[in-house]
Amino acid sequence: MSDPVVLYRVDGHVATITMNRPEVANAQDSELIDAIDAAFDQAGQDDEVRVVILAAAGRHFSSGHDLKALVGETDPDHWRKLRETPEGKYRHEQVMYLQRCLRIHDFPKPTIAAVQGKCIAAGLMLAAMCDLIVAADDASFSNPVLRMTGAGVEILVEPWELGVRKAKEFMLASLEIGAAEAERLGLVNRVVPLASLQDEVMALARRVAEVPPITAEIVKASLNHTLESMGQRESWQFHFMAHHFVHNTATALSALEHRKQLGSMKAVFEARDRGDQPR
Ligand code: ZN
């Protein structure tokens, strides 16, 4: 039997959900997204669990959505078949990307992402759904999909995480932001040596777990409501529709077709799976 794509363990009041596809830099396919969701179910139902850590096995946090599973060289799953029409593509991304991520954002218990290595595109979207982010000193953040025609990913986290000015540069110029700059910009809470990432995140989680659960839940909801009242959810809804408009433009469709014909997506996939920046 192959390794589970997500590892789940509970230490005291802290549950740790670990993405476990290190061989592809934790590229997110349907199985991984489902397994993360199921692990959050488990953490949500366990009254002993007060804080959830979202971590990643291997050198990199996540290289984003698994494009190979979407258009590439693996057997199509139910969702990939659905993506053959614009309607199906919309439904797939609504359920598997938008709703699954918002569920983490809205999760009643505090969450902490532990990020090492590359955190790319939908990897950044996933980390940004967590309440706190602790980065290892080798962490870097990027969202280079614009040059591949994509209108960012499904949730526009960048202006909320970086400020609009930096978000524009980050996306339009395909900036890669290192750990120290991420801390300076407020994208991450703190940067720690890679070797002590797990210990530091666990110590922080234990500290958060000292807050009575009902208090933590209400304060988290109230902090999130601050963002709501600033229009975060509406801006995300707008972006999701805009994102889909761009998916279905002649520009995006012909680029996808062109890459399929040339087989040059393979190089893009492989670069992503190694955690390199796509060119
Ligand atoms: Zn999309």
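Note that the coordinates shown come from a computational prediction; the quantities given were computed from them, not determined experimentally. We count ligands from 1, going down the list as the structure has it; atoms in each ligand are counted the same way.
Aromatic ring centres of His243 and Trp236: separated by at least 6.0 Å. Residues His247 and Tyr90 keep their aromatic ring centres 6.0 Å or farther apart.
Within the protein, the N, O or S atoms sitting under 2.8 Å from the Zn ion (ligand 1) are Glu93 OE1, Glu93 OE2, Glu154 OE2, His243 NE2, His247 NE2.
Side-chain polar atoms of Gln116 and His60 form no donor-acceptor pair below 3.5 angstrom.
A donor-acceptor pair is defined here as one N or O able to donate and one able to accept, closer than 3.5 Å; such a pair exists between the side chain of Ser62 and the backbone of Gly64. With hydrogens and angles ignored, the 3.5 Å screen pairs no side-chain donor or acceptor of Glu158 with any backbone N or O of Phe170.
The aromatic rings of His92 and Trp79 are tilted relative to each other, their planes meeting at an angle between 30° and 60°.
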